[in-house]
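Read the structure below first, then the notes.
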Amino acid sequence: MFKKPAYFIVAFLLLITACNNAAKKQGIGNGDSSAASNTYYSKDLQWTINIPTGYTVMGTDQINANDQKGREAVEKVYGETIPMDSLKNLITFQKDKFNLFGSSIEPFREEYPGEYIENNRNINALIYETFKSQGIHADTASGKETIQGLEFSVFYSTIYGPDGKVILNQILYSKLQNGYDFGVNINYNNTADRDILLSVWKNSVFGKR
């Protein structure tokens, strides 16, 4: 059985929550965020990202509640327990229920060469099957992107409403970095916010500050 990373649960729930419920906004909460400078720094990854104007950092309580809901939803579909004790949420910020950026890490040690890449392919298939099991019409695709010289696996999802119109897009990035499965998810429903979120992500910096 392949490893099901907890960030998949978080990303999937954020996607479904955006489609069905209004997200609650909270203030600065998780990790090494700086409200004054609007930046976030992860010591584990030595990664710095700017929080764009007009976006609010999601608080710890809301993130933890989302994690729990996601865990329950996925376990109900697959009938198995998915541990989340090792998941560490980094930074999540949102403009509204449809436009947000989330990131997390989880320890991952390859037991054989290529396990991480193989695991990612299985996770992509799992996401697609979960959409189907939930009756969600979605188009998906996978690829590779280079961010600041680092290659990420990428999974793209487009979600449609009952009328066939696009209601939400998600881009899920993942990479084995510093001994962690590093996941980033970007949700958007318009090109302006897509460009803002992709810009802060692609201009984020890896390295000691």
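As the structure is a computational prediction, the values presented were derived from the model and not from experiment.
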Which hydrophobic side chains are connected to Y160, either touching it within the sub-4.5 Å cutoff or through other members that do? V166

Do you know which of I51, L198, V184, N185 makes side chain to side chain contact (heavy atoms under 4.5 Å, CB included) with F101? V184

Residue list, side chain to side chain donor-acceptor pair (under 3.5 Å) with T140, at least two apart or on another chain: none

Donor on one side chain, acceptor on other, Y112 and E118, under 3.5 Å: yes

Applying the 4.5 Å side-chain criterion to the ILVMFWY set and letting contacts propagate, would L172 and Y128 be lumped into a single cluster? no

Decide yes or no for L90 and L45: does some side-chain heavy atom of the first lie under 4.5 Å from some side-chain heavy atom of the second? yes

With Y156 via ring pair (Phe, Tyr, Trp, His ring centres under 6.0 Å) - residues at least two apart: none

Start with the C-alpha gap between S174 and N120, add the side-chain angles, then the distance that decides, and say whether side chain to side chain donor-acceptor pair (under 3.5 Å) holds. CA-CA 8 Å; S174 57; N120 264 354; 3.1 Å; yes

From NE2 (H137) to CD1 (I159), nearest 0.5 Å: 9.0 Å

Listing request: all salt bridge (charged side-chain N to carboxylate O under 4.0 Å, His left out) pairs with a residue in residues 149-165, at least two apart in sequence or in separate chains. none

Using the salt bridge (charged side-chain N to carboxylate O under 4.0 Å, His left out) criterion, which residues pair with D44? Sequence neighbours excluded. K88

Could you tell me whether the side chain of Q170 and the main chain of S157 form a donor-acceptor pair under 3.5 Å? no

Return the set of residues passing side chain to side chain donor-acceptor pair (under 3.5 Å) with S142 (not counting sequence neighbours), or none when no residue passes. none

When the ring centroid of Y188 is compared with that of F98, is the distance short of 6.0 Å? no

Residues forming a side chain to side chain donor-acceptor pair (under 3.5 Å) with Y55, sequence neighbours excluded: D193

Could you name each residue pair satisfying salt bridge (charged side-chain N to carboxylate O under 4.0 Å, His left out) that touches residues 198-207, not counting sequence neighbours? E145-K202

Using the test side-chain contact (heavy atoms from CB on, under 4.5 Å), find all partners of L150 that sit at least two apart in sequence or belong to another chain. F152, K175, Q177, F206

Are any side-chain N or O atoms of N178 and backbone N or O atoms of Y180, one a donor and one an acceptor, separated by less than 3.5 Å? no

Looking at residues at least two apart in the chain, or sitting in another chain, which of them share a side chain to side chain donor-acceptor pair (under 3.5 Å) with N189? N99

